[in-house]
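Contents: one structure, followed by commentary.
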There are 2 protein chains.
Amino acid sequence: MVNKKVDELLKKNHLSITGGRKKILELFLQHDGALSHSDIEKKAGGKFDRVTVYRTLQTFLEKGLIHSIPTADNSIRYALCKDDCSGGHHHDDHVHFICNACGNTVCLEGVTVPTIELPGGYVSMQVDMLISGVCKSCNQ
Amino acid sequence: MVNKKVDELLKKNHLSITGGRKKILELFLQHDGALSHSDIEKKAGGKFDRVTVYRTLQTFLEKGLIHSIPTADNSIRYALCKDDCSGGHHHDDHVHFICNACGNTVCLEGVTVPTIELPGGYVSMQVDMLISGVCKSCNQ
DNA sequence: AGTGTTTTGCAACCATGTTGCAAATAAGTT
DNA sequence: AACTTATTTGCAACATGGTTGCAAAACACT
């Protein structure tokens, strides 16, 4: 049951179990891809206030339940962290794929970010890869 | 002289030479780092209308003079394309570094984006790398 | 200098994101 | 189950970011 999983996740992260949080977590679990704020608002059917959605996403981010994906069109997307993003503030490096055809964004879990040689003096703390192209579903 | 270079760049791209465009190009040439829309507005000292800045950036993007850099905080930054981004719509892959200390964003020209093995069915068209950490200047 | 095209500034508008505060809801206790 | 406290929500209001239409100004060309 999805509902049970949602409750567990919230409890594990010391968050009050409320309707809004449950609904948004469910959406993430169901969708299997990244969601933007407006995606969530639409899918939730106007049932929750805009502000609540913003605050919930903010909370989930801080607790490490989701991570944010930068995009070129100024619309942050969020995706569930598998394995709780190794629990805490230190996020893993991610490879994200944005499909130009369907607009969907997915987090490629299997692909590892290669190590990069930076010029002297630069210290890397986090690496994000953004790959755009055509995804599996759209590629016939 | 910077002024001459600016004029040349505009002429080469079949753009009318106007005060606003010259000023914005100068800012990019001087700053050696990525600029956001609001950066430009501030640095230009309120001399130009907000709309003009937006439209100028849009034009520069289309002509391949600048490229946009996705960021995690929903504020697109723009940077000059060295070598005119190999002239045209096909942008090269870029590695961008965002400093958590000074907030500055630079385009690391020397670093090449490694080739990545994507899962079957995925076709890559463009790759962007976003590395955050501490930059050379801030690292003492 | 004169003419046609391009660019600018203004006003108005919509989308996105934030803050303060009172009302509502959840959690913990007896 | 009722009560108390802490947390969360919704509302209003605001700030910022970005777009569009249109008339006036600036530019390019002869």
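Sequence lines set the chain letters: A, B, ... in the order given, protein chains first and strands last, and positions in each chain run from 1. This one's a predicted model, so the numbers in the text were calculated from it and none came from an experiment.
Reading DNA chain C from its 5' end, the first and the last nucleotide to sit under 4.0 Å from a heavy atom of chain B are dT6(C) to dG17(C).
Contact of the Leu130(B) side chain with the Ile69(B) side chain is registered, since non-hydrogen atoms from C-beta on lie closer than 4.5 Å. Between Arg77(B) and His37(B) the shortest side-chain heavy-atom distance does not fall below 4.5 Å.
His67(B) and His94(B) have parallel rings, their planes meeting at less than 30° on a 0 to 90° scale where 60° marks the start of perpendicular. Between Tyr122(B) and Phe97(A), the ring planes lie perpendicular to each other; the angle is over 60°, past the 30° to 60° tilted range.
Counted by atom type alone, Gln126(B) and Asp128(B) present one or more donor-acceptor pairs between their side chains at under 3.5 Å.
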Query raised in the report: Can Ile76(A) and Tyr78(A) be said to form a side chain to side chain contact (heavy atoms under 4.5 Å, CB included), step by step?
Result: CA-CA 7 Å; Ile76(A) 295 184; Tyr78(A) 303 89; 3.7 Å; yes
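Placement of Leu15(A) and Ile17(A) within a single hydrophobic cluster is found when ILVMFWY residues are connected by side-chain heavy-atom separations under 4.5 Å, directly or transitively.
Rounding to the nearest 0.5 Å places OG1 of Thr52(A) at 12.5 Å from CD1 of Ile40(A). Within the model, atoms OG1 of Thr71(B) and NE2 of His96(B) stand 11.0 Å from one another, a figure rounded to the nearest 0.5 Å.
Within a heavy-atom distance below 4.0 Å of DNA chain D, the residues of residues 14-25 of chain B found are Ser16(B), Ile17(B), Thr18(B). Near-neighbour residues of DNA chain C inside residues 47-58 of chain A, defined by a heavy atom below 4.0 Å, number-ordered: Arg50(A), Val51(A), Tyr54(A), Arg55(A).
Among Val51(A), Leu57(A), Thr56(A), Asp49(A), the single residue meeting the side-chain contact (heavy atoms from CB on, under 4.5 Å) criterion with Val53(A) is Leu57(A).
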